[in-house]
Engineer: 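I have a structure I would like to understand better, so I am pasting it below and will then ask my questions one at a time.
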Amino acid sequence: MKDELICGLHAVLAALKANASDIDGVWVSNERQDARIASVLEAAKNANVKIHRVPRAALDRMSDEVPHQGVIARRLSAPSMVENNLSDFLENLPKDPLLLILDGVQDPHNLGACLRVADAAGAHAVVVPRDRAAPLSAVARRAAAGAAESIPLYQVTNLARALDDIKEAGLWLVGTAADTEQDVFQADFKAPTALVLGGEGDGMRRLT
């Protein structure tokens, strides 16, 4: 494991509220004195997380060009959820489960956006392949605007096998395509559903 940087107001605030014990410091631009940054400072103080006031240029160097809005948090990376965890999740599904499965989304901005929308739509988990997919990086976390802290993300080594397991657990698999006649907002997802989105270029892979 290694230290992980969390950049941006929403992402940092969500991390402080969800897992403050994992945060070992928050760095804030000494140029920001507004109400939005005050909420981050208050959350850090309440959690006894050390606050560092630094020049914005220092944050620019820390973030390696990831937009940070004047605030960065650092924490020890937690182990990624793996396929065994997915099996446990499928054995204890919530009522009317809704899953989002991403088949090869490689842009971290898109991964973050998918996490954000899935969380807002009430999905219970997101499933991604371990290889040939965007990692849950600082860029993805910032794009998720806090959703990375509240919706489980499961990485699996074999997506096709995971899809079989999800079907065996009683969920309907629903694939997506750009040329379909039915809009996603017209579909009925009241039954246990796993919605599958393909990658940015070729969509879903053949095995999927």
Side-chain angles (χ1 to χ4, degrees), residues 1-12 14-15 60 62-69 72-75 77-87 89-90 98-167 171 173-180 183-185 187 189 193-208:
M1 297 190 298
K2 62 180 182 179
D3 289 346
E4 175 188 25
L5 296 182
I6 304 169
C7 302
L9 285 162
H10 291 294
V12 170
D60 293 339
M62 287 180 65
S63 67
D64 195 22
E65 299 185 357
V66 176
H68 52 71
Q69 298 176 297
I72 297 175
R74 186 178 68 191
R75 72 176 173 191
S77 296
S80 297
M81 292 184 177
V82 295
E83 198 163 17
N84 288 337
N85 298 104
L86 178 61
S87 298
F89 174 79
L90 294 177
L98 174 63
L99 274 63
L100 175 63
I101 301 170
L102 304 179
D103 181 23
V105 170
Q106 299 192 22
D107 187 325
H109 293 94
N110 290 340
L111 172 61
C114 288
L115 290 170
R116 187 176 70 245
V117 173
D119 190 42
H124 297 95
V126 177
V127 180
V128 299
R130 182 178 297 279
D131 300 321
R132 294 185 296 278
L136 189 57
S137 62
V139 173
R141 287 185 181 277
R142 185 180 186 282
E149 311 301 327
S150 59
I151 187 167
L153 176 68
Y154 295 99
Q155 292 180 325
V156 297
T157 55
N158 188 318
L159 186 60
R161 187 169 69 233
L163 292 176
D164 286 337
D165 292 341
I166 290 169
K167 285 194 296 183
L171 281 79
L173 294 179
V174 179
T176 57
D179 56 356
T180 182
D183 188 273
V184 66
F185 296 106
F189 296 135
T193 301
L195 189 64
V196 187
L197 273 66
E200 293 90 349
D202 299 326
M204 290 185 293
R205 292 175 293 176
R206 182 183 61 84
L207 283 177
T208 303

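As the structure is a computational prediction, the values presented were derived from the model and not from experiment.
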Engineer: Considering only heavy atoms from C-beta outward, does the side chain of H68 approach that of D60 to under 4.5 Å?
Structural biologist: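 Yes, their side chains come closer than 4.5 Å.
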Engineer: Could you give the distance from OG1 (T208) to CD1 (I101), rounded to the nearest 0.5 Å?
Structural biologist: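 Result: 8.5 Å between the selected atoms.
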Engineer: What are the two closest non-hydrogen atoms of A118 and V126, and how far apart are they?
Structural biologist: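 Taking every non-hydrogen atom into account, CB-CG2, 3.9 Å.
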Engineer: Between L86 and D165, does a side-chain contact (heavy atoms from CB on, under 4.5 Å) hold up when you go through it step by step?
Structural biologist: CA-CA 9 Å; L86 178 61; D165 292 341; 5.9 Å; no
Engineer: Report the C-alpha separation of R130 and N158 in whole Å, then their side-chain angles, then the decisive distance to 0.1 Å, and conclude whether the side-chain contact (heavy atoms from CB on, under 4.5 Å) test is met.
Structural biologist: CA-CA 8 Å; R130 182 178 297 279; N158 188 318; over 6 Å; no
Engineer: Looking at D183, I'd like to know if its CG atom is crowded, meaning that more than 12 non-hydrogen atoms belonging to other residues, nucleotides or ligands lie closer than 6.0 Å.
Structural biologist: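 Counting neighbours around CG of D183, more than 12 heavy atoms of other residues, nucleotides or ligands fall under 6.0 Å, so yes.
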Engineer: Check I166 against A194 and note the closest heavy-atom contact, atom names and distance.
Structural biologist: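 Minimum heavy-atom separation between I166 and A194: CG2-CB, 3.9 Å.
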Engineer: Is the CZ atom of R205 crowded by more than 12 outside heavy atoms at less than 6.0 Å?
Structural biologist: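 Enclosed.
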Engineer: What distance separates L159 CG from D103 CG, expressed to the nearest 0.5 Å?
Structural biologist: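 Nearest 0.5 Å value for the CG-CG distance: 5.0 Å.
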Engineer: Tell me whether H124 contacts the main-chain N or O of L99 through its side chain, where contact means a donor paired with an acceptor under 3.5 Å.
Structural biologist: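 No; judged by distance alone, with no hydrogens or angles, the pair does not exist.
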Engineer: Supply the atom-to-atom distance L5 CG to D64 CG, rounded to the nearest 0.5 angstrom.
Structural biologist: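 So the gap between those two atoms works out to 9.5 Å.
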Engineer: Looking only at heavy atoms, which two atoms of I6 and V12 are closest? And how far apart?
Structural biologist: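 So the minimum-distance heavy-atom pair works out to O-CG2, 3.3 Å.
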Engineer: Nearest 0.5 angstrom please: R141 CZ to E4 CD, how far?
Structural biologist: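 The CZ atom of R141 sits 4.0 Å away from the CD atom of E4.
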Engineer: Tell me the closest heavy-atom pair linking L98 and A121, and the distance in Å.
Structural biologist: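 Between these two residues, the closest heavy atoms are CD2-O, 4.1 Å.
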Engineer: Please enumerate all residues that pass side chain to side chain donor-acceptor pair (under 3.5 Å) together with Q106, with sequence neighbours excluded.
Structural biologist: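 Testing Q106 for side chain to side chain donor-acceptor pair (under 3.5 Å), a comparison that skips the adjacent residues, returns none.
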Engineer: Between P135 and A140, what is the shortest heavy-atom contact and its length?
Structural biologist: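 Looks like O-CB, 3.8 Å.
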Engineer: If you round to the nearest 0.5 Å, how far is CG of L171 from CG of L195?
Structural biologist: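 Reported to 0.5 Å precision, the distance equals 11.5 Å.
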Engineer: Closest heavy-atom contact between I72 and S63?
Structural biologist: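 What the structure gives for the nearest pair is CD1-CB, 3.8 Å.
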Engineer: For the CE atom of M204 and the OG1 atom of T176, what is their distance to the nearest 0.5 Å?
Structural biologist: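 M204 CE to T176 OG1: 5.0 Å, rounded to 0.5 Å.
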